[in-house]
Amino acid sequence: MSLWLLSSVSRSVIYLFISAWNQRQIRKKIHQLRRTENFKSFYSRLGFPNGAPSYVPPIEGLLTQPLDHFNRRNNDTYRQRYWINEEFWKRPDGPVFLFIGGESAESEFSVLAGEHVELAQKHRALLVALEHRYYGASINQDGLTLEAIRFLSSQQALADLASFHLFISQKYNLTQKNTWICFGGSYPGSLSAWFRLKFPHLVYAAVASSAPVRAELDFTDYNKVVAESLSDPVIGGSTKCLDRVKESFRIVDSMLHPGNVSILEKDFSSCSPLRAPEDYVEFVNNLADIFMGAVQYNMESPGSDVRKICEHMVNAESAYEGLKIVNSMYMDFIGLTCVENSHEKSVSDLRDTKINPVGVGERQWYYQTCTEFGYYQTCEQSSCPFSPLNTLKTQLDLCKEIFQIPPESVRQSVQFTNEFYGADHPKSSRIIFVNGDVDPWHALSVLKNQSRSEIAIFINGTAHCANMGPSRTSDPPSLQKAREEIASKISEWLRSAETTE
């Protein structure tokens with residue numbers, strides 16, 4: 001059930017998007033790391049800007065926001081978390097760089113590390129970041145109930161950004177001389193583009209990294225790209241690797257019946273017996289998630305390495321043995337003794353309305369897929385190398401089961417999202433769309449220049465949000481070139497803003 005589109009500087013460096021079952025384990029691991037590791041050392045690992053002084057904690061605060069921006073008769077509010085880094089700012093007229101949060105808790109690292117921080121240092125910008133409503137600490141205690149979650153949407157999130165713009169402008173007495181540029185990656189990348197599209201008077205330009213701006217109900221191209229990447233020798237894939245992956249899942253599918261399922265439970269360390277048919281779907285999806293996550297975050301997070309996975313698949317005695325080895329490798333990395341394949345447990349987790357201020361908002365994000373985006377990564381096409389048990393129906397059924405949203409409503413919501421934002425032809429200006437060809441999400445983004453100022457940068461050999469992390473000497477030439485293009489365009493637009501004040 002890999003629907004997560006995570007991205008933020010700290011998360012993209014350490015972990016991200018591996019699978020539904022191991023995300024929960026990763027979040028615990030990262031939380032423990034932050035509690036036990038020397039804070040300054042942890043920060044330096046994320047990429048402290050070159051030439052910057054020692055660590056200075058950013059300002060953290062809570063902004064009271066309307067729960068419903070579009071109904072002023074509703075006086076309910078919530079408090080939204082934000083961060084401010086004044087370290088590089090040239091007062092009073094320096095630019096403002098806004099980092100947009102998404103489907104996970106944010107942290108102070110949103111204004112401390114990453115490409116946008118390096119650019120802020122260069123242009124002496126004020127750095128601000130806003131956590132997305134309903135994620136992290138930016139949620140009321142009853143926020144995940146069926147009644148309250150209805151105020152979670154990208155439209156409300158954009159209105160939050162407009163309100164935050166006003167708050168920062170008043171706090172620092174900003175004027176038209178302070179040029180705003182927004183940054184985001186993955187879903188926040190879409191928000192970055194949409195903020196520029198819908199509020200061009202507030203934000204002068206936007207960088208949208210790995211932004212799936214086209215909503216898609218049945219996202220079959222995701223696994224098509226995964227298959228292409230597993231066979232791509234540039235990143236360590238091969239035709240033999242892809243063939244082995246396909247063969248291994250065919251074998252697993254053939255064993256999913258009462259006579260052989262106990263063998264699968266043992267070989268792949270299932271925490272509990274597999275009950276047909278729902279647990280079978282959960283089981284094959286968890287196995288597929290390993291490969292999907294490795295491709296999406298190839299070489300960008302621990303354990304995501306297409307070359308290493310393909311070596312295991314190709315060098316094993318058989319395709320089935322290769323799959324067992326890859327599964328064990330991931331379990332060792334996450335620190336699991338068994339894999340939770342219970343569909344009942346997954347449904348229970350999605351029904352859980354208890355607030356968790358750290359990690360991914362699983363219930364919240366699934367709600368957004370049901371009400372706005374779809375993004376369901378199915379395997380019913382011949383191009384998919386995994387199990388065809390992963391169908392659109394199984395994923396739409398969860399919308400009905402968890403949120404009482406019927407399939408036809410999901411279809412209509414996806415269609416409306418594209419009508420409202422313009423899909424992958426947004427007709428805006430001064431937006432940079434950045435994508436990597438290895439990243440499966442590039443299939444839903446803008447890949448060609450739309451106009452002189454709607455720029456598409458397509459990076460060969462890189463995965464999801466590769467440009468967003470701190471620059472490193474080990475960056476491949478294609479990524480270095482992309483960073484230079486982004487920096488050049490930002491400089492150009494800041495100069496043009498000065499001439500149009």
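One-based numbering along the sequence shown. Computed from heavy atoms alone, side chains included, the values below leave out hydrogens, waters and symmetry copies.
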>> Using side-chain heavy atoms (C-beta onward) and a distance below 4.5 Å, is I290 in contact with I309?
In response: yes
> Considering all heavy atoms of both residues, which atom of R81 and which atom of E106 are nearest to each other, and what is their separation?
Replying inline: NH2-O, 3.5 Å
> Going from CZ on F195 to CG on D160, what distance comes out if it is rounded to the nearest 0.5 angstrom?
Replying inline: 10.0 Å
> Under 30°, 30 to 60°, or over 60°: which ring-plane class applies to H201 and F199, parallel, tilted or perpendicular?
Replying inline: tilted
> Does one side chain, of S478 or N460, offer a donor that lies under 3.5 Å from an acceptor on the other?
Replying inline: no
>> Between I100 and L130, is the side chain to side chain contact (heavy atoms under 4.5 Å, CB included) condition met? List the steps.
In response: CA-CA 6 Å; I100 300 172; L130 187 66; over 6 Å; no
> Do R430 and S496 have a side chain donor and acceptor closer than 3.5 Å?
Replying inline: no
>> With no hydrogens and no angle check, just 3.5 Å: does a side-chain donor-acceptor pair link H132 and E103?
In response: no
> Nearest heavy-atom pair of T417 and E372: which atoms, and what distance?
Replying inline: OG1-O, 2.6 Å
> Where is the tightest heavy-atom contact between V446 and P426, given as atom of each residue plus distance?
Replying inline: CG2-CD, 4.2 Å
> Is there a side-chain contact between L191 and S154 (heavy atoms, below 4.5 Å)?
Replying inline: yes
> Taking side chain as C-beta onward, heavy atoms only, is V207 less than 4.5 Å from H116?
Replying inline: no
>> Ignoring hydrogens, what is the shortest heavy-atom contact between D424 and V213? Give both atom names and the distance.
In response: CA-CG2, 3.9 Å
>> Could you check whether any side-chain heavy atom of V326 comes within less than 4.5 Å of a side-chain heavy atom of M313, counting everything from C-beta outward?
In response: yes
>> For the aromatic rings, using the six-membered ring if either is Trp, is the centroid distance between F386 and F249 under 6.0 Å?
In response: yes
> Checking side chain to side chain donor-acceptor pair (under 3.5 Å) against N390, which of E380, Q395, E282 comes through?
Replying inline: Q395
>> Taking the six-membered ring for Trp, are F373 and Y187 closer than 6.0 Å centroid to centroid?
In response: yes
> About how many Å separate OG of S453 and CD1 of I431, when rounded to the nearest 0.5 Å?
Replying inline: 8.0 Å
>> Please verify the inter-ring angle class for F97 with F183; under 30° counts as parallel, over 60° as perpendicular, anything in between as tilted.
In response: tilted
> Given S210 and M468, is the side chain to side chain contact (heavy atoms under 4.5 Å, CB included) satisfied, shown in steps?
Replying inline: CA-CA 10 Å; S210 300; M468 292 186 68; over 6 Å; no
> Minimum heavy-atom separation for S429 to R196, with atom names?
Replying inline: OG-NH2, 2.6 Å
> Any side-chain heavy atom of L112 sitting closer than 4.5 Å to one from V117?
Replying inline: no
> Do the charged groups of R483 and E485 touch, with an N to O distance under 4.0 Å?
Replying inline: no
>> Side chains of F433 and F458, heavy atoms from C-beta outward: is any pair under 4.5 Å?
In response: no
> Taking it one step at a time, do Y172 and E86 satisfy side-chain hydrogen bond (donor to acceptor under 3.5 Å, both in side chains)?
Replying inline: CA-CA 11 Å; Y172 290 98; E86 303 173 349; 2.5 Å; yes
> Does CD belonging to Q415 count more than 12 external heavy atoms closer than 6.0 Å?
Replying inline: no
> So, is the end of the K198 side chain (NZ or CZ) under 6.0 Å from the ring centre of F420 and within 45° of the ring's axis?
Replying inline: yes
> Taking atom types as modelled and ignoring hydrogens, do the side chains of Y222 and Q296 form a donor-acceptor contact shorter than 3.5 angstrom?
Replying inline: yes
> Between atom OG of S248 and atom CD1 of I325, what is the distance when rounded to the nearest 0.5 Å?
Replying inline: 11.5 Å
> Does the side chain of N298 come under 3.5 Å of the side chain of S304 through a donor N or O and an acceptor N or O?
Replying inline: no
> Between the main-chain N or O of E311 and the side-chain N or O of N315, is there a donor-acceptor pair closer than 3.5 Å?
Replying inline: yes
> If you measure from CD on E492 to CZ on R495, what distance do you get to the nearest 0.5 Å?
Replying inline: 6.5 Å
> Would V111 and V128 count as a side chain to side chain contact (heavy atoms under 4.5 Å, CB included) if you check the C-alpha gap in whole Å, the side-chain angles of each, and the deciding distance to 0.1 Å?
Replying inline: CA-CA 6 Å; V111 293; V128 297; 5.6 Å; no
> Between H464 and W441, what is the ring plane arrangement, given parallel below 30°, perpendicular above 60°, and tilted in between?
Replying inline: tilted
> Measuring from D437:CG to I235:CD1, what's the distance to the nearest 0.5 Å?
Replying inline: 8.0 Å
> Is the closest side-chain heavy-atom distance between W493 and T179 below 4.5 Å?
Replying inline: no
>> Do I490 and I181 have side chains that approach each other closer than 4.5 Å (heavy atoms only, starting at C-beta)?
In response: yes
>> On a heavy-atom basis, which atom in A193 and which in A208 lie closest, and how many Å separate them?
In response: CB-CB, 4.0 Å
> Taking atom types as modelled, is there a side-chain donor on T394 or Y376 under 3.5 Å from an acceptor on the other?
Replying inline: no
> Are any of the side-chain nitrogens in E118 or K122 under 4.0 Å away from the carboxylate oxygens of its partner?
Replying inline: no
>> With a 3.5 Å distance limit and no angle check, can you tell me whether T371 reaches the backbone of Y367 through a side-chain donor-acceptor pair?
In response: yes
>> Could you check whether W83 and F99 have their ring centres less than 6.0 Å apart?
In response: no
> Looking at W180 versus Y204, is the centre-to-centre ring distance below 6.0 Å?
Replying inline: no
>> With a sphere of 6.0 Å drawn around NZ of K308, does it hold more than 12 non-hydrogen atoms of other residues, nucleotides or ligands?
In response: no
> Can you say whether the rings of F219 and Y375 are parallel (under 30°), tilted (30 to 60°) or perpendicular (over 60°)?
Replying inline: tilted
> For the atom pair CD (E60) and CD1 (I84), what is the distance rounded to the nearest 0.5 Å?
Replying inline: 10.5 Å
>> For T462 and D439: C-alpha separation, side-chain torsions, deciding distance, then whether side chain to side chain contact (heavy atoms under 4.5 Å, CB included) applies.
In response: CA-CA 7 Å; T462 63; D439 177 22; over 6 Å; no
